[in-house]
Amino acid sequence: MSVLVIRASKRFAVRRPVTLHGSERTNGGLMIELSSEGCRISNAERGVYAIDQEVTVQLDEAEHIPGRVRWAHDGCVGIKFARALR
């Protein structure tokens, strides 16, 4: 049985190492999905991130994207960016 999911933004598969800065911790992870509104990061430490927690996704030395945790489970974290990407 297939399920149709309607999304607000088109998603793209990516594979980019990132650093996720939370209020108390900084962890490395792998961005595996990206849209203009947010991203999904795998290899995140379990039990560290809570729903609605403010975080910053660091792509490289100069680029930091603020956002909030939408969901977190099984070592993956869903982030909604504070501002949509162009």
Side-chain angles (χ1 to χ4, degrees):
M1 177 180 179
S2 67
V3 176
L4 177 64
V5 178
I6 299 173
R7 307 248 185 218
S9 303
K10 185 170 175 65
R11 295 179 177 200
F12 301 93
V14 295
R15 185 180 170 134
R16 181 172 181 155
V18 295
T19 304
L20 192 57
H21 300 277
S23 57
E24 298 177 10
R25 288 203 174 181
T26 298
N27 293 316
L30 184 66
M31 182 186 296
I32 57 174
E33 203 170 62
L34 176 67
S35 76
S36 63
E37 301 287 325
C39 67
R40 178 167 49 157
I41 298 172
S42 68
N43 299 335
E45 192 172 340
R46 292 178 186 216
V48 173
Y49 301 101
I51 294 172
D52 209 35
Q53 176 183 353
E54 289 185 11
V55 295
T56 302
V57 178
Q58 181 181 352
L59 301 175
D60 54 33
E61 292 291 325
E63 190 160 11
H64 295 73
I65 304 171
R68 290 191 175 272
V69 175
R70 295 285 294 179
W71 55 267
H73 59 79
D74 299 330
C76 288
V77 180
I79 307 295
K80 180 170 177 61
F81 299 143
R83 291 185 312 201
L85 302 176
R86 293 192 252 161

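It should be emphasised that the depicted structure is a prediction, and the values quoted were computed from it without experimental measurement.
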> Is the backbone of Ala62 close enough, under 3.5 Å, to the side chain of Asp60 for a donor and an acceptor to pair up by distance?
Replying inline: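 At least one qualifying donor-acceptor pair exists.
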Distance (rounded to the nearest 0.5 Å) between [X] [atom1] and [Y] [atom2]:
X: Glu33; Y: Leu30; atom1: CD; atom2: CG; result: 12.0 Å
X: Cys39; Y: Leu20; atom1: SG; atom2: CG; result: 8.0 Å
X: Ile32; Y: Arg15; atom1: CD1; atom2: CZ; result: 10.0 Å
X: Met31; Y: Thr19; atom1: CE; atom2: OG1; result: 10.5 Å
X: Gln53; Y: Arg68; atom1: CD; atom2: CZ; result: 9.5 Å
X: Arg11; Y: Glu37; atom1: CZ; atom2: CD; result: 10.5 Å

>> So Gln58 and His21, do their side chains get closer than 4.5 Å, heavy atoms only?
In response: yes
>> Working note: Leu85 + Ile65, criterion side-chain contact (heavy atoms from CB on, under 4.5 Å); need CA distance, chi angles, decisive distance, verdict.
In response: CA-CA 9 Å; Leu85 302 176; Ile65 304 171; 4.2 Å; yes
> What heavy-atom pair brings Ser35 and Phe81 nearest, and what distance separates the two atoms?
Replying inline: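 Ser35 and Phe81 have their closest heavy atoms at O-CE1, 3.8 Å.
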> If you take all heavy atoms of Ile79 and Arg70, which pair is closest and at what distance?
Replying inline: C-CG, 4.4 Å
> Do Trp71 and Val77 pass the side-chain contact (heavy atoms from CB on, under 4.5 Å) test, and can you show the C-alpha distance, the side-chain angles, and the key distance before you say yes or no?
Replying inline: CA-CA 6 Å; Trp71 55 267; Val77 180; 5.8 Å; no
> Taking a hydrophobic cluster as the set of Ile, Leu, Val, Met, Phe, Trp and Tyr residues connected by side-chain heavy atoms closer than 4.5 Å, whether directly or through intermediates, do Ile41 and Val48 fall within one such cluster?
Replying inline: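 Yes, Ile41 and Val48 fall within the same hydrophobic cluster.
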> Under the side chain to side chain donor-acceptor pair (under 3.5 Å) criterion, do Thr56 and His64 qualify, and how do the steps go?
Replying inline: CA-CA 6 Å; Thr56 302; His64 295 73; over 6 Å; no
